[in-house]
Amino acid sequence: MAEINFNQVYDGVTLALHRAFPKAHIHGGVIKQDLKDGDFNVLPITANHTEQMGTRAQHKPVFDVIYYPSRAGGRTESLRVAHQLAYVLRTIQTPNGDKVHCLTFDTTIEDDALHCLVGYPHFVYVPEPADPMENLKIE
């Protein structure tokens, strides 16, 4: 198992979306143009790091997965996709093959666009810092 970092979790989310919705475009960040009905946008919201005992730390990346429904489908389409995403994003696989489980999944609909806030807390190994002291030669 490789060390899991924020970018690998982000890639795992986008890969899961690509597999489940092969015709949709998956965007990351600000969309300036070319947004189409059925597209997704994955925005990083937070990337918390909490030290634990010893050499463990907990990372808590949270993403806003936004779905843009067709005008005809609107809110009904967004609710259908929210139900699908609950299963699609439950467990993701990073490009390195590690599985990360979604422990928080909250949805809201604003102007018919679906917002799914998904969180993937996981533990990581943090190596002990090297001793910065130099050996002094006593004469």
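- Proximity of Tyr120 to Val62: side-chain heavy atoms (C-beta onward) are nowhere separated by under 4.5 Å.
- Of all non-hydrogen atoms in Phe63 and Pro44, the two that sit nearest each other are CD2-CA, 3.8 Å.
- Checked against side-chain hydrogen bond (donor to acceptor under 3.5 Å, both in side chains), Thr91 has the following partners two or more places apart in sequence or in another chain: His101.
- If you take CZ on Phe40 and NE2 on His18, they are separated by 10.5 Å, rounding to the nearest 0.5 Å.
- Between Gln8 and Thr94, the closest heavy-atom pair is O-CG2, 3.7 Å.
- Closest non-hydrogen pair, Val88 versus Ala16, comes out as CG1-O, 3.6 Å.
- Among residues two or more places apart in sequence or in another chain, the side-chain contact (heavy atoms from CB on, under 4.5 Å) test is passed with Asp112 by Pro69, Arg75.
- Under the 3.5 Å distance criterion, the side-chain polar atoms of Thr104 are matched with a main-chain donor or acceptor of Gly119.
- Counting only heavy atoms from C-beta outward, the side chains of Tyr10 and Pro61 never approach each other to under 4.5 Å.
- No continuous path of ILVMFWY side-chain contacts below 4.5 Å connects Leu15 to Ile26, so the two sit in separate hydrophobic clusters.
- Taking CZ of Phe105 as the reference point, atom CG of Leu117 lies at 9.5 Å (rounded to 0.5 Å).
- Rounding to the nearest 0.5 Å gives a distance of 6.0 Å between CG of Leu114 and OG1 of Thr107.
- Taking CD1 from Ile66 and OG from Ser78, the interatomic distance works out to 11.5 Å, rounded to the nearest 0.5 Å.
- Between Tyr68 atom OH and His27 atom NE2 the span is 8.0 Å, to the nearest 0.5 Å.
- Arg71 pairs by the side-chain contact (heavy atoms from CB on, under 4.5 Å) definition with nothing, not counting sequence neighbours.
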Show me the donor-acceptor pairs within less than 3.5 Å that the side chains of residues 79-86 make with the rest of the protein, sequence neighbours left out.
residue	atom	partner	partner atom	Å
Arg80	NH1	Gln84	OE1	3.0

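- Side chain of Asn5 to main chain of Asn7: a donor-acceptor pair is present (N/O by atom type, distance under 3.5 Å, no hydrogens or angles).
- Judged as a side-chain contact (heavy atoms from CB on, under 4.5 Å), and not counting sequence neighbours, Lys23 has no contacts.
- Residues forming a side-chain contact (heavy atoms from CB on, under 4.5 Å) with Thr108 (at least two apart in sequence, or on another chain): Glu110, His115.
- Remark: the backbone N or O of Ser70 is paired with a side-chain donor or acceptor of Glu77 at under 3.5 angstrom.
- In this structure, CG in Asn41 is found 9.0 Å from CG in Asp39, a value given to the nearest 0.5 Å.
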